[in-house]
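Some notes on the structure that comes next.
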Protein chains: 2
Amino acid sequence: MTEIVTAAMLVIGDEILSGRTKDKNIGHLADIMTAVGIDLKEVRIVPDDEDDIVAALNAVRQRYTYVFTSGGIGPTHDDITADSVAKAFDVPCEYDTAAYAMLEAHYAKRGMEFTEARKRMARMPRGAAHIENPVSVAPGFRIGNVHVMAGVPSVFQAMLDKVVPTLKTGVKMLTATVPCPLGEGVIGGPLSEIQKAHPLTIIGSYPKFGEGKFWTELVVRARSEDALEAARKDVEAMVRDLGEAS
Amino acid sequence: MTEIVTAAMLVIGDEILSGRTKDKNIGHLADIMTAVGIDLKEVRIVPDDEDDIVAALNAVRQRYTYVFTSGGIGPTHDDITADSVAKAFDVPCEYDTAAYAMLEAHYAKRGMEFTEARKRMARMPRGAAHIENPVSVAPGFRIGNVHVMAGVPSVFQAMLDKVVPTLKTGVKMLTATVPCPLGEGVIGGPLSEIQKAHPLTIIGSYPKFGEGKFWTELVVRARSEDALEAARKDVEAMVRDLGEAS
């Protein structure tokens, strides 16, 4: 029996909840997790509020193998993710010596002042390890099973690329897609029977709507090729039979 | 003192967590809530799992003025939102007479069979009121402070348009945006001082990255015009002063 590896994501930021910024990191993380065989089980979007971040983080980090956060690690007063994560883990949030030196050198090289604000980006919970930031230097960090990354999508993606090789990954969820010209109202009953007959699969039905017509995308998911193919065959037969009957 | 009206959103669906479908409803709801003066405070994305839906719904419906859900109200076996909401409210989930009649007439008019699957779309928690669906007939529903809507974006949006006029709305959060050619590392310190000097505002700083350069969008939010303008003036002065100094 292979291990199931699970994950949750915490998106931190008032700007997502106000609609001002449209999140692009959830879908990206979801794609990557699926590709490497980790089940993303939950996402929460929370405001820039320490109590909210601490409560959400403590709820999800106990429950899932990994947690990934985006947002709130920049240099301004509303970037409170490092402090909040430290509080959740009950450790001090302090200047990380290596991060401090790296940022100091980065700004010195560019003849830019290493301001108090910029120094904030070197703060992290005691005991955290860096997540390299190839885009804009200031590192993310990992503490326990929690990976803290930037909100800017290009930086989030670059950091995630560094993190993925360090994760234990599960057996990939295999998927087979069966397009279906019929609406869910026609296939719902028979599809439910197929789901019951194939308990090792998860069969999803996704209604599509376009040009005044409903159609459906049927997706079979399983961790074993055999289970997948057996269910796929039944779903394809159902679509064919119902299509001929209609 | 005017009332603060809050909201949470529950996005229900394995397809969002797997990355297969990219959510479009969170950003839309966020925009609409901001426009009418309701604070969207939290979003959770949960899988098609009754226990997860019930737990998340009960957590958020106690805490916020309103809850909006998307997804899982179609006719197939994986559409378990109605049952889960009924369970959360501890009421039976049953055929709604009016919804049943409406769907029956709809399919009869089109010469289509009113299948068991289609009948599922008439099920809702006892005591729920309809949310009209001008796109594809099958209604959403409201029970208590929870509004249950479709996941297909065109239907979600149409249902939300029906719901919004029924909501009590708060004082609109006013916003002023100040573009800033400087990075967060330069403005972080002074901006933090401005935030302290204007406690009735929420000042956000959103790093932007493009063409190898960081710049920043500064957003002042307040519920009063006076508070907003006072803080905006200070932010603009800061950007001007720092720009001249750099």
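Because only heavy atoms are used, hydrogens play no part in the values below, and waters and symmetry mates are left out as well, while side chains stay in. Quick note on labels: first sequence line is chain A, next is B, and so on, each numbered from 1.
Of the atoms belonging to I32(A), not a single heavy atom falls under 4.5 Å from chain B. For S154(A), the part sitting under 4.5 Å from any heavy atom of chain B is the side chain, from C-beta outward, and nothing else. With a 4.5 angstrom heavy-atom cutoff, V155(A) does not touch chain B via any of its atoms. For a residue to count as touching a neighbouring chain, one of its non-hydrogen atoms must lie under 4.5 Å from one of that chain's; by this rule E116(A) does not touch chain B. Only the side chain of D52(A) comes within less than 4.5 Å of a heavy atom of chain B; its backbone N, CA, C and O stay farther away.
Rounding to the nearest 0.5 angstrom, the gap separating the CD atom in E42(B) from the CG atom in L17(A) is 8.5 Å. Expressed to the nearest 0.5 Å, how far NE2 of H77(B) lies from CD1 of I203(A) amounts to 5.5 Å. D79(B) CG to S205(A) OG: the interatomic distance, rounded to the nearest 0.5 Å, is 6.5 Å. With rounding to the nearest 0.5 Å, the separation of CD1 in I26(A) from CD1 in I16(B) is 9.0 Å. To the nearest 0.5 Å, the span separating CD on E184(B) from OG1 on T115(A) amounts to 10.5 Å. Between the OG atom in S192(B) and the CG atom in D78(A) there is a gap of 9.5 Å [rounded to 0.5 Å].
At a threshold of 4.0 Å, the pair K41(B)-D14(A) does not count as salt-bridged, since none of the basic side-chain nitrogens sits closer than that to a carboxylate oxygen.
For K22(B), the NZ atom is densely surrounded, since the number of other residues' heavy atoms within 6.0 Å is greater than 12. Atom CD of E113(B) sits in a sparse spot, with 12 or fewer heavy atoms from other residues, nucleotides or ligands closer than 6.0 Å.
Comparing G204(B), A150(B), P75(B), G27(B) by how many heavy-atom pairs each has under 4.5 Å with chain A, the most go to P75(B). Looking only at heavy-atom pairs under 4.5 Å with chain B, the residue among D49(A), V46(A), L191(A) that has the most is L191(A). Contact tally against chain A (heavy-atom pairs below 4.5 Å) for R221(B), R120(B), K119(B): the top residue is R221(B).
Side-chain atoms of T177(B) and R20(A) form a donor-acceptor pair, as typed in the model, at a separation below 3.5 Å.
The two residues A117(A) and G188(B) come nearest to each other via the heavy atoms CB-CA, 3.4 Å.
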